[in-house]
2 protein chains.
Amino acid sequence: MSSNAQTPVSAGRPRSEEAHQAILDATLALLVEAGFSGLTVEGVATRAGVGKATIYRRWPSKLHLVIEAFRQLPGLAEVDTGDLVEDLEQMLGSYLRILNDTPLAAVMPSLAGERAHNPELSELIDPILRGRRKPVLRALERAVERGEVRDDLDLELVADLIFGPIAMRVFFAGARINPKLVRPAIELVLKGITPRAGASD
Amino acid sequence: MSSNAQTPVSAGRPRSEEAHQAILDATLALLVEAGFSGLTVEGVATRAGVGKATIYRRWPSKLHLVIEAFRQLPGLAEVDTGDLVEDLEQMLGSYLRILNDTPLAAVMPSLAGERAHNPELSELIDPILRGRRKPVLRALERAVERGEVRDDLDLELVADLIFGPIAMRVFFAGARINPKLVRPAIELVLKGITPRAGASD
DNA sequence: CCATTACGATACTAACCGTTCCGTTCAGGA
DNA sequence: TCCTGAACGGAACGGTTAGTATCGTAATGG
């Protein structure tokens with residue numbers, strides 16, 4: 001515990017940074033092609049052009065490897081323009097771009113499916129997933145403070161309402177999502193949560 | 001092809017209907033515990049108290065067995081009261097009861113995750129999933145015809161908006177869903193799609 | 001009581017996979 | 001330049017699984 005735990009100071013052959021990244025890239029690629037249960041460490045090693053020991057020297061198990069590969073994928077970038085519609089539209093717009101341009105959408109269903117039966121995975125991935133919702137939750141909180149949105153709402157429910165349609169397409173269609181759907185979807189949700197809209201109950 | 005292909009007319013010992021159901025029950029139970037990739041035919045046979053041959057005599061593969069077990073789970077019952085709010089509330093209310101009372105919620109994430117990488121499963125399960133959305137889509141169509149809802153909407157998007165929050169909880173929380181959330185969720189969505197609510201664009 | 005089919009059990013095939021072990025390679029300090 | 005120690009790739013190990021085949025037994029209908 002004296003000084004540096006990560007930099008091995010000096011001795012021996014240094015680890016190949018090239019191999020490190022090749023392994024993570026191969027992991028994502030195979031996660032897309034075969035999912036968590038179909039991914040094999042052997043396959044990752046072959047595709048990355050390394051030996052299996054090179055993988056196990058860096059990650060203690062297939063699970064930890066997958067988690068780190070997943071963590072490399074970009075998440076939701078926080079936007080704070082002072083206007084909820086604008087915030088949501090920019091955040092979800094760029095999120096859809098991420099879903100369409102990176103392996104995220106292809107990887108998500110498999111990990112969610114595994115999560116349900118794998119407590120160890122659940123424990124590792126749940127905090128990451130919670131963190132990725134945060135920008136939307138914070139945007140909603142700011143909107144409540146500004147009086148832009150009713151203050152009697154369950155914001156978690158509203159967030160699920162916003163992410164829900166995206167999840168439906170990602171999980172059951174697996175298709176690219178048309179960014180043009182963002183605006184109508186946001187509008188539909190917002191009409192329900194703005195204060196002036198019908199104050200029925 | 002003369003007369004009956006299913007009823008073996010006469011000869012030999014008849015198949016045990018008891019074993020048949022025990023196999024399907026065991027399949028669902030193991031699907032809940034271990035998911036699709038963790039389910040083994042050997043495990044099903046053991047839990048059902050039958051031999052593996054008895055399973056393979058009925059279903060050509062693990063995949064077909066799982067599909068039939070899944071098909072046994074109840075779906076969305078159609079409701080037509082003449083009022084959209086009432087239709088949705090009754091349908092979603094009973095659907096939540098199904099999710100909470102049957103293995104459906106526990107089974108769904110695993111199958112959706114597998115679906116993304118298994119074309120054969122996708123081909124078998126997609127029609128079933130599409131069929132289960134239908135009652136909500138039809139309720140929306142009737143509401144459009146009655147003028148209860150704007151007629152310029154993408155009803156598939158609205159259906160995703162309705163199922164979305166449920167999916168979010170099933171896929172990422174895995175917890176029971178509080179039925180009290182149905183009404184506020186429906187109301188939030190409906191405020192966006194009723195004609196009198198703000199006619200902004 | 002016989003032909004026929006299903007039954008549970010078991011063993012077998014052929015494959016596959018997560019993890020560890022081993023002989024070799026290589027960068028940096030002496 | 002040589003030596004050390006960790007990293008390397010590949011081979012080996014231990015365990016598992018879908019699906020098939022075969023057993024002796026049990027239950028039908030004729």
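Only this structure's heavy atoms are used, side chains among them; waters, hydrogens and symmetry mates stay out. By convention in this document, chain letters (A, B, ...) are assigned in the order of the sequence lines, proteins followed by strands, and residues within each chain are numbered from 1.
Donor-acceptor pairing under 3.5 Å, judged by distance alone, is present between the side chain of B:Lys52 and the base of D:dG19.
Rounded to a whole Å, the OH atom of A:Tyr56 is 17 Å from the P atom of D:dG10. Residue A:Leu63 contributes atom CG, which lies 13 Å from atom C1' of C:dG18 at whole-angstrom precision. Per the geometry, NZ belonging to A:Lys62 stands 15 Å off P belonging to C:dC16, to the nearest Å. Whole-Å rounding puts the A:His64 NE2 to C:dG18 P distance at 15 Å. Following rounding to the nearest Å, B:Leu39 (CG) and D:dT16 (C1') show an atom-to-atom distance of 14 Å. Distance CG (A:Leu121) to C1' (C:dG18): 17 Å, rounded to an integer number of Å. Rounded to whole Å, atom C1' of C:dA9 lies 10 Å from atom CD of B:Glu42. In this structure, B:Phe36 atom CZ and D:dT17 atom C1' are separated by 13 Å, rounded to whole Å.
Note: B:Trp59 and B:His20 have tilted aromatic rings, judged against thresholds of 30 and 60 degrees for the angle between ring planes.
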Open item on the list: Can you build the contact string for nucleotides 2-7 of chain C? Use B for base contact, S for sugar-phosphate-only contact, and - for no protein heavy atom under 4.0 Å.
Closed with: --BBBB
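Contact record, B:Met108 with B:Tyr95: CE-OH, 4.2 Å, taken as the closest heavy-atom pair.
Annotation: side chain to side chain donor-acceptor pair (under 3.5 Å) contacts involving residues 77-88 of chain A, sequence neighbours excluded, comprise A:Glu78-A:Arg138, A:Glu78-A:Arg142, A:Asp80-A:Arg142, A:Thr81-A:Asp87, A:Glu86-A:Gln90, A:Asp87-A:Arg142.
Checked against side chain to side chain contact (heavy atoms under 4.5 Å, CB included), B:Asp154 has the following partners two or more places apart in sequence or in another chain: A:Leu181, B:Glu156, B:Leu157.
When ring centroids are compared, A:Phe70 and A:Phe36 stay outside the 6.0 Å threshold.
Residue B:Ile55 is out of contact with every strand shown, counting any heavy-atom pair closer than 4.0 Å. At the heavy-atom level, B:Leu65 lies nowhere under 4.0 Å from the strands shown.
Atom CD of B:Gln21 has more than 12 neighbouring heavy atoms from other residues, nucleotides or ligands inside a 6.0 Å radius. Under a cut-off of 6.0 angstrom, the local environment of CD in A:Glu33 is crowded, with over 12 non-hydrogen atoms contributed by other residues, nucleotides or ligands.
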